[in-house]
Amino acid sequence: MAIKTVGLDDLIEWTEKLNVGITTLENAVFETAAVVSKAEWQSVIEERGHVLTGKMKKSVKADKTSRITKSGGKAIETYPRGKDHGTKDKPRKPIRNAEKAFILHYMDDHFVDEINKRIDQKTNDPIDEIYENWLNGKICK
């Protein structure tokens, strides 16, 4: 007795497209989140007046690739990078911009918490839209 499969080729083809679509979806979500995160970091740094040299604000960057978290998910991080050496007029011992943000966080009413709250609020709608487009086949290559 022969076993006949109907639609298996279509299912395999659809699954392959779906896999590519998931990678594309993931990249679109991370790109959107990175843009929003960077803008919110810079906005709050400016609003709170943490711009003596402006180097911390300018140094905010998002990871270029995602990393695997302990829980098995993927994530990117956005925070100030590099070091601040002061100004030409007042050079000083270099301090990492991330360290400045950490210190300012505890000195200034947890401003990083404010950044994270804003990021959560501002990324929901764009990410939902990306997901809807993916479900409707508008994003799958």
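Just so it is clear, the values below take in all heavy atoms, side chains as well, and ignore hydrogens, waters and symmetry mates.
- Put simply, CD on Q42 and NZ on K57 are 6.0 Å apart, with the number rounded to the nearest 0.5 Å.
- At a threshold of 4.5 Å between non-hydrogen side-chain atoms, the residues K74 and I68 count as touching.
- Just one of K100, H110, E114 meets the side-chain hydrogen bond (donor to acceptor under 3.5 Å, both in side chains) condition when paired with H105; it is H110.
- Using a cutoff of 4.0 Å between basic side-chain nitrogens and carboxylate oxygens, R92 and D84 are scored as salt-bridged.
- Residue V29 is grouped with residue Y131 when hydrophobic side chains (ILVMFWY) are merged at heavy-atom distances under 4.5 angstrom, including chains of intermediate members.
- Shortest non-hydrogen contact noted between P126 and T32 is CB-CG2, 3.7 Å.
- Taken to the nearest 0.5 Å, the CD1 atom of I76 stands 10.5 Å off from the CD atom of E26.
- Residue K55 qualifies as enclosed at atom NZ: its count of foreign heavy atoms under 6.0 Å is above 12.
- Contact detail for I130 and A28: the closest heavy-atom pair is CD1-O, 3.6 Å.
- Hydrophobic clustering (side-chain heavy atoms under 4.5 Å, transitive across Ile, Leu, Val, Met, Phe, Trp, Tyr) groups V51 together with V44.
- Nearest heavy-atom pair across V60 and W41 is CG1-CB, 3.6 Å.
- Without hydrogens or angle criteria, S37 side chain to A33 main chain gives a donor-acceptor distance under 3.5 Å.
- Side-chain heavy atoms closer than 4.5 Å link hydrophobic residues (I, L, V, M, F, W, Y) into clusters, and following such links, possibly through other members, connects L104 to I115.
- Put simply, the side chain of N97 never gets that close to the backbone of S59: no donor and acceptor are under 3.5 Å apart.
- Between I127 atom CD1 and K122 atom NZ the span is 14.0 Å, to the nearest 0.5 Å.
- Of the inter-residue distances, the one linking T123 atom OG1 with D128 atom CG reads 9.0 Å to the nearest 0.5 angstrom.
- H85 places none of its side-chain heavy atoms less than 4.5 Å from the side chain of K93.
- Annotation: side chain of M56 is in contact with side chain of I45 (closest heavy-atom distance under 4.5 Å).
- In this structure, V112 and A101 approach most closely via the heavy-atom pair CG2-O, 4.3 Å.
- Annotation: I103, atom CD1; neighbour count of heavy atoms from other residues, nucleotides and ligands within 6.0 Å is above 12.
- Classification of E47 and R118 as a salt-bridged pair holds, one side-chain N sitting under 4.0 Å from a carboxylate O.
- With hydrogens and angles ignored, the 3.5 Å screen pairs a side-chain donor or acceptor of R81 with a backbone N or O of Y79.
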Could you walk me through whether R96 and F102 pass the side-chain contact (heavy atoms from CB on, under 4.5 Å) test, one step at a time? CA-CA 10 Å; R96 293 181 313 127; F102 177 79; over 6 Å; no
